[in-house]
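Only one structure is covered here, and it is reproduced in the block below.
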Amino acid sequence: MRLVELLGTKLPLIQAPMAGVQAHALAVAVSNAGALGSLPAAMLAPAALRDELAALRDGTSRPFNLNFFCHRPPEIDAAREARWREQLAPYYREHGIDPAAIPSGPGRAPFSAELADIAEAFRPPVVSFHFGLPVPELLARVRGWGAKVLASATSVDEARWLEARGVDAVIAQGIEAGGHRGHFLGGDLDVATQAGTFALLPQVVAAVRCPVIAAGGIASREGVAAAFALGAAGVQVGTAYLLCDEATTSALHRGALRGGGARTTALTNLFTGRPARGIVNRLMRELGPLRADAPAFPLATAAIAPLRARAEAAGSGDFSPLWAGQNTSGCREVGAAALTLELAQGIPEEFRR
Ligand SMILES: Cc1cc2nc3c(=O)[nH]c(=O)nc-3n(C[C@H](O)[C@H](O)[C@H](O)COP(=O)(O)O)c2cc1C
């Protein structure tokens with residue numbers, strides 16, 4: 001089945017869900033333009049998720065995607081947390097922060113029965129998952145309301161694993177992609193072995209029968225066309241939407257994206273505990289972007305939060321996660337519909353509806 005039939009859209013193009021930099025407005029604009037808009041749920045409290053879904057439903061009658069993380073929350077390891085705060089001690093001193101007063105705790109919530117109850121009331125036609133899939137009972141609930149299920153794979157093995165569990169399409173996420181790596185087989189720091197989009201994509205296409213959606217570094221109509229030439233059934237674009245009018249990307253993050261520094265990104269686990277790609281900043285430079293001693297995902301968020309708040313109040317992104325993919329050349333200050341239609345020009349005729 002073609003992706004447009006599966007998703008119910010005119011275009012086989014997905015605006016990547018991007019927690020922290022967008023809410024319903026971006027998804028509404030993209031869905032109304034004929035592609036699939038996405039709402040990321042990972043950083044929304046239950047009440048906020050309900051409000052966002054209501055606004056999304058109000059804004060469009062077209063299909064949309066609701067996205068969840070599905071990590072298993074780790075136990076808090078007090079000794080590891082204390083050792084990590086030791087590493088950050090010079091920064092706490094510099095900013096006059098008492099490390100003992102920083103609460104530990106999660107920063108991002110995985111899909112749960114409570115969130116499924118909220119989602120089900122809105123019956124999102126597409127649900128996508130990052131970091132594998134939820135437990136079978138929760139996945140069955142999503143299927144129960146008729147949603148098509150998508151999930152990210154960063155390797156051929158992950159794509160096969162997802163297909164064996166019945167996903168409707170696999171998102172092949174290359175190493176160029178902005179934000180968190182979706183990987184879930186192997187260790188958190190295995191990213192060194194992962195492939196770029198145009199190396200991964202044809203191998204995943206050859207390995208699975210379901211449609212494959214290419215993600216990572218695609219930021220122009222030519223990039224979109226290249227993905228289809230390599231066997232993609234659709235594309236998912238994140239970074240290029242970051243400067244769009246409807247994105248909630250902060251002024252600081254927007255400034256970093258516009259600057260020359262945006263060409264230098266790295267995978268880092270300092271901000272959340274899991275590798276994610278962002279623009280290199282002071283914390284990443286000084287500590288090194290990937291550290292085995294960072295608290296497990298998503299617990300690392302807590303230790304950085306007060307540093308981030310102090311620095312941002314002073315206009316500095318030294319401690320902020322400035323998520324972005326390797327290819328920021330498509331970021332433009334335009335409405336998301338205009339960007340969507342521009343990207344869509346790379347889609348071959350036979351893939352549209
Ligand atoms: C700022 C930002 C936040 C992201 N947040 C999420 C998220 O909440 N859920 C998710 O599945 N993927 C997330 N991603 C990854 C995207 O789904 C996608 O893999 C990536 O944007 C594609 O590569 P590109 O950024 O080069 O277009 C995020 C990406 C960015 C840039």
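When a ligand or atom number is given, it counts from 1 through the structure's own listing order.
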If I apply the N/O under 3.5 Å rule, does [X] come out as touching ligand 1?
X      : answer
Gly238 : yes
Ser152 : no
His180 : no
Trp323 : no

Option of least heavy-atom distance to [atom] (set: [options]):
atom                    : options                      : answer
atom 14 (N) of ligand 1 : Ala16, Pro17, Ala214, Gly278 : Pro17
atom 11 (O) of ligand 1 : Val235, Thr249, Ile14, Asn67 : Asn67
atom 29 (C) of ligand 1 : Ser38, Ala151, Gly178        : Gly178

Would you mind running through ligand 1 and noting each atom that sits below 4.0 Å from a heavy atom of [X]?
X      : answer
Gly217 : 23 (O), 24 (P), 26 (O)
Gln173 : 15 (C), 19 (O)
Met18  : 2 (C), 3 (C), 4 (C), 5 (N), 6 (C), 28 (C), 29 (C), 30 (C), 31 (C)

Practice task
Could you see which bit of Phe69 sits under 4.0 Å from ligand 1, with heavy atoms only: side chain, backbone, both or neither?
Solution key: side chain

Problem - Proximity of Ala19 to ligand 1 by residue part, where a heavy atom lies under 4.0 Å - result: both

Practice task
Give a yes/no verdict on a cation-pi contact between Arg165 and Trp161, requiring under 6.0 Å between NZ or CZ and the six-membered ring centre and an angle within 45° of the axis.
Solution key: yes

Salt-bridge test for [X] and [Y]: reply yes if a basic N is under 4.0 Å from a carboxylate O, no otherwise.
X      : Y      : value
Glu333 : Arg258 : yes
Arg85  : Glu81  : yes
Arg209 : Glu163 : no

Problem - Closest protein heavy atom to atom 25 (O) of ligand 1, given as residue, atom name and distance to 0.1 Å - result: Thr239 OG1, 2.5 Å

Practice task
If you have a sec, work out which protein heavy atom is nearest atom 17 (O) of ligand 1 and how many Å separate them, to one decimal?
Solution key: Gln236 NE2, 3.0 Å

